Amino acid sequence: MKPKLLRGRVLSFHRAPVSLDDYSSFHFEGDGAVIVEDGIIIAFGSYDQVKLMAPNDIEEVDHRPNLLMPGFIDMHVHLPQMQVIASYAPNLLEWLSNYTFPAELRFADQIHSERIAARFCDELISNGTTTAAAFCSVHPVSVDALMGEAARRNMLIIGGKVMMDRNAPEGLRDTPQAAYDDTAALIRRWNGVARNHVAITPRFAITSTPAQMEAASALVGEWPDLYVQTHLSENLDEIRFSCELYPSAKDYTDIYTSFGLMHSKTLLGHCIHLSERERDVLNETGAVAVHCPTSNLFLGSGLAPLNELQTRGRPVRVGFATDVGAGTSFSMLRTMDEAYKVQQLLGTRLNPLQSFHHITLGNAQALGLEQRIGTLAVGSDADIVVLDTHATFAMRLKMEAVSSLTEELFVLQTLGDDRSVVETYVAGRPSKRPTTSTRVEGSAC
Ligand code: GUN
Ligand code: ZN
């Protein structure tokens with residue numbers, strides 16, 4: 001791919017901000033630029049400096065006055081739940097049986113899987129998200145669809161076939177052996193192809209027998225460097241039922257620990273109701289608590305105490321995610337707006353620098369991928385989002401009263417969504433498609 005110079009205001013973090021005026025935690029240029037070549041960032045800084053390094057005939061894309069940031073990272077989202085989003089249900093377990101499992105059954109079909117995988121990647125990109133850790137359905141074909149689509153776009157996707165052999169309807173249950181064989185085959189077929197990562201994905205303790213947890217454990221033994229993704233401590237009935245199903249476990253976390261599933265690449269969706277002991281286990285193992293605020297509010301699951309998780313003597317690593325379809329938006333901006341409100345209800349606050357750090361470098365570090373994504377540093381993959389902080393009438397009017405970058409970021413987080421995403425570069429390629437107002441084919445009305 002020919003090199004390209006992208007000009008605009010540029011913002012990239014190099015560490016977690018500790019306060020609202022922690023200006024040394026990030027690099028900001030009012031007139032900045034990056035050069036991308038062959039999917040990699042090869043220069044980053046002020047426009048004047050970067051321009052000096054560029055060949056005379058370089059293609060220049062002027063995004064001023066928009067803001068260039070590293071592409072957003074969503075650490076927990078469900079591919080087969082695109083049509084589950086906005087389903088009316090009182091709580092997690094009823095939402096799963098009444099809407100989610102029926103929708104996931106359709107992913108036995110290759111055509112359906114491929115259609116939704118394409119729309120899933122479009123929707124992520126439309127919202128400025130360039131990396132996602134995704135749960136597919138129990139059917140290997142759903143993983144093939146996602147991995148194939150991500151590879152065609154050269155998009156960094158972590159994905160896995162959910163392992164589930166009980167407490168789910170016929171057609172959504174595998175067996176311990178099939179889960180092992182299918183996951184192993186998917187790892188061999190897709191892990192490391194383009195930018196794909198295959199994750200070992202036992203859905204949660206309720207839908208896996210001990211024999212299936214053993215199978216997951218065997219996969220971790222064989223592929224210790226792969227991500228493990230699951231759910232933990234989201235809902236009080238879920239916790240109670242999990243502990244009934246595993247009576248010898250000390251608590252919910254101990255179920256995963258006892259099968260050797262907890263390590264520094266284990267991504268645990270939710271972690272709302274953890275005990276002190278469970279938090280210590282996350283601290284010791286380096287497993288990541290993935291906060292999904294829009295989902296937690298939508299299902300009434302609870303308020304995740306981020307401050308307690310992150311700032312005590314034995315801190316827990318934390319990531320942020322949409323959790324669509326229990327989550328109500330693909331936008332990491334909407335996600336951080338709701339994260340802010342959850343913390344407000346708990347009497348603490350997330351400042352806007354922290355929010356934008358979390359959805360870029362913070363999530364990259366939580367994935368152990370900070371050398372590749374999450375910043376605009378030279379050598380990183382050229383995953384870049386271009387943001388218009390004045391995208392709507394309400395934003396433009398509010399911006400008249402804004403006088404600092406942090407205030408501007410807070411408005412972007414509070415009022416922004418996909419309308420603020422002007423362009424998304426995936427490995428250097430502009431990838432956001434124009435939205436159309438036409439109905440999705442096959443819709444009921
Ligand atoms: N726990 C087990 N499966 C799911 C799921 O699909 N969504 C959420 N939010 N929680 C779960
Ligand atoms: Zn989930």
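Counting starts at 1 for both ligands and their atoms, in listed order. Here the structure is a predicted model, which is why all the values come from computation and not from measurement.
- Taking the ring centroids of Tyr252 and His273, they lie at or beyond the 6.0 Å cut-off.
- Taking CG of Asp109 as the reference point, atom NE2 of His139 lies at 10.0 Å (rounded to 0.5 Å).
- Between Asp323 and ligand 1, an N or O atom pair is found at a separation short of 3.5 Å.
- Between Asp251 and Arg277 a salt bridge is recorded (basic side-chain N to carboxylate O distance below 4.0 Å).
- Proximity of Phe135 to ligand 1 is not established, as no heavy-atom distance is less than 4.0 Å.
- Under a 4.0 Å criterion applied to the non-hydrogen atoms of Ala326, ligand 1 contributes the atoms 9 (N).
- Salt bridge Arg334/Asp417: absent, no basic N to carboxylate O contact under 4.0 Å.
- Closer than 2.8 Å to the Zn ion (ligand 2) sit the protein N, O or S atoms His76 NE2, His78 NE2, His231 NE2, Asp323 OD1.
- Distances between N or O atoms of Glu238 and those of ligand 1 include no value under 3.5 Å.
- Between Arg203 and ligand 1, at least one N/O pair is under 3.5 Å apart.
- When each of His231, Gln212, Glu104 is tested with Arg203 by the rule side-chain hydrogen bond (donor to acceptor under 3.5 Å, both in side chains), just one qualifies, namely Glu104.
- Here His76 and Phe320 keep their ring centres 6.0 angstrom or further from each other.
- Residue His270 places a heavy atom under 4.0 Å from ligand 1.
- No salt bridge links Lys250 with Glu278; every basic N to acidic carboxylate O contact stays at or beyond 4.0 Å.
- For ligand 1, the atoms lying closer than 4.0 Å to a non-hydrogen atom of Leu96 are 3 (N), 4 (C), 5 (C), 6 (O).
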